[in-house]
Amino acid sequence: MSKKFRQLFLTVSSLLLTVIFLGAFQTPLKASSSQINVVTTLDFYGEAAKAVLGDHGTVTSLITSPNVDPHDFEPTTKTAKTVAKADLVVYNGAGYDNWVKKLNGKQYLSAASVMKTKDGANEHLWYDPQTMAKLADRLATEFGKMQPQNKASFKQNATKYKKSLAKLTKMLDKIKQNSNNQKVAVSEPVFDYSLNKMGYQIANKHFAKATEEGSDPSYSDIKKLQDDIKNKKIAFFVQNTQSDSSVIKNIVELCHKNKIPVVKVTETLPKDKNYVSWLSSEYQAILDIQQKK
């Protein structure tokens, strides 16, 4: 073999090896950078994640039924595998759905950490629209780290999503104008973040805490609430319709008897509603009460 031919052979061989090498790695590189896999514990957090992520990935929500109590959710082997494959796991935190932390996800983000809420505080963070707005911004930041080339797109998506929340903020402001710092009572502290934004004072926190913890309120707490209803010292009563007990049933009946309005709320996203339509329907019920007075 001549020297000239040998050099040509080596050059061609080198080029062929380079093509083969690049071809072998081209598909995995494209796959790893083209899609972000997100898992959320709750469907309304999944809704926010989808809005910010756009077409740059997929979002899977673990709890999508309004009949499932997130506290009591029991992960399966399939759930664990889904979480393990996720690039980011979004959950509520504050003790609400911390079971997901045991499933060995690669990276976690909680609404509680975004809002600087510690375990033991009120865990129903989604009832403050600011939680969803701040979460959207944080998601845009996290997604931007994973896909720097799409950073601007994520920020634009977050801005668009936050604009959809403006309706809730306007409703809260409108309610606050006529709340006059009045007292209200609640079956449990599910709706408290919204009530605080509206300017209402919660009159039965001790009663509500007992209900949330699954124990019966004390006789004195029940008696005080009954007296507040009979003497019309509260503007309305907020009932979490997903929590049922004979005590709450009797309180609701007493409210009807004494013409105290009952505002019905839920802890999970109702079927056929999105986050904004869900909260706005509950806020509207309070606006209706204010307009009747």
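Here, residue 1 is the first one in the sequence, and each next residue gets the next number.
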Check: Tyr200 ring centre within less than 6.0 Å of Phe236 ring centre: yes

Validation row, ring centre Tyr96 to ring centre Trp126 under 6.0 Å: yes

Donor + acceptor pair across side chains of [X], [Y] (<3.5 Å):
| X | Y | value |
| --- | --- | --- |
| Thr211 | Ser187 | no |
| Ser220 | Ser218 | yes |
| Tyr283 | Ser194 | yes |
| Thr41 | Trp99 | no |
| Gln177 | Gln290 | no |
| Thr76 | Thr79 | yes |
| Gln35 | Thr58 | no |
| Glu267 | His124 | yes |

Could you grab the distance from atom [atom1] of [X] to atom [atom2] of [Y], nearest 0.5 Å is fine?
| X | Y | atom1 | atom2 | result |
| --- | --- | --- | --- | --- |
| Met115 | Thr131 | CE | OG1 | 3.5 Å |
| Leu225 | Lys233 | CG | NZ | 12.0 Å |
| Gln226 | Ile229 | CD | CD1 | 7.0 Å |
| Thr77 | Leu103 | OG1 | CG | 10.0 Å |
| Asp137 | Thr159 | CG | OG1 | 7.0 Å |
| Leu172 | Ile286 | CG | CD1 | 8.5 Å |

Residue pair [X] / [Y]: nearest heavy atoms and the distance that separates them:
| X | Y | result |
| --- | --- | --- |
| Leu125 | Ala111 | CD1-C, 3.9 Å |
| Asn98 | Gly93 | OD1-CA, 3.4 Å |
| Pro217 | Ile222 | O-CD1, 3.6 Å |
| Asp119 | Gly95 | OD1-N, 3.3 Å |
| Gln242 | Pro66 | NE2-O, 2.7 Å |
| Ala136 | Ala158 | O-CB, 3.7 Å |

Among Tyr193, Phe44, Trp278, ring-ring contact (aromatic ring centres under 6.0 Å, His included) partner for Tyr127: Trp278

[Y] backbone acceptor or donor facing [X] side chain under 3.5 Å:
| X | Y | result |
| --- | --- | --- |
| Gln107 | Val89 | no |
| Gln182 | Ser179 | yes |
| Asp87 | Ile36 | no |
| Asp228 | Ala203 | no |
| Ser110 | Tyr91 | no |
| Asn150 | His56 | no |
| Lys232 | Asn258 | yes |
| Thr82 | Lys78 | yes |
| Asp69 | His71 | yes |
| Asn274 | Val276 | yes |

Between [X] and [Y], does at least one N-O distance fall below 4.0 Å, as a salt bridge requires?
| X | Y | value |
| --- | --- | --- |
| Lys50 | Glu47 | no |
| Arg138 | Glu142 | yes |
| Asp227 | Lys223 | yes |

Evaluation steps, side-chain contact (heavy atoms from CB on, under 4.5 Å), between Phe154 and Lys145: CA-CA 11 Å; Phe154 297 138; Lys145 292 176 183 176; over 6 Å; no

Check whether any side-chain heavy atom of [X] sits under 4.5 Å from a side-chain heavy atom of [Y], and report yes or no.
| X | Y | value |
| --- | --- | --- |
| Ile248 | Asn250 | no |
| Asp128 | Lys197 | yes |
| Val90 | Tyr108 | no |
| Val252 | His256 | yes |
| Gln201 | Val184 | no |
| Val263 | Ile289 | yes |
| Leu109 | Leu135 | yes |
| Leu88 | Leu139 | yes |

Test side-chain contact (heavy atoms from CB on, under 4.5 Å) applied to Ile202 and Val186, step by step: CA-CA 7 Å; Ile202 299 161; Val186 300; 4.1 Å; yes

Atom CD of Glu74 with >12 non-hydrogen neighbours under 6.0 angstrom: no

Over 12 non-hydrogen atoms of neighbours within 6.0 angstrom of NZ in Lys106: yes

Cluster question for you: counting only ILVMFWY and a side-chain heavy-atom cut-off of under 4.5 Å, with indirect links fine, are [X] and [Y] together?
| X | Y | result |
| --- | --- | --- |
| Leu165 | Leu287 | yes |
| Phe237 | Phe191 | no |
| Tyr45 | Ile63 | yes |
| Ile234 | Ile175 | no |

side-chain hydrogen bond (donor to acceptor under 3.5 Å, both in side chains) between Glu188 and Ser243, intermediate numbers included: CA-CA 9 Å; Glu188 55 184 296; Ser243 180; 3.0 Å; yes

Ring-face cation contact, Phe207 with Lys224, 6.0 Å cut, 45° max: no

Derivation of the side-chain contact (heavy atoms from CB on, under 4.5 Å) call for Val83 and Asn104: CA-CA 7 Å; Val83 170; Asn104 299 317; over 6 Å; no

Test side-chain contact (heavy atoms from CB on, under 4.5 Å) applied to Phe143 and Val52, step by step: CA-CA 9 Å; Phe143 294 157; Val52 178; 3.8 Å; yes

Criterion side-chain hydrogen bond (donor to acceptor under 3.5 Å, both in side chains) on Ser61 and Thr64, from CA distance to verdict: CA-CA 6 Å; Ser61 296; Thr64 57; over 6 Å; no

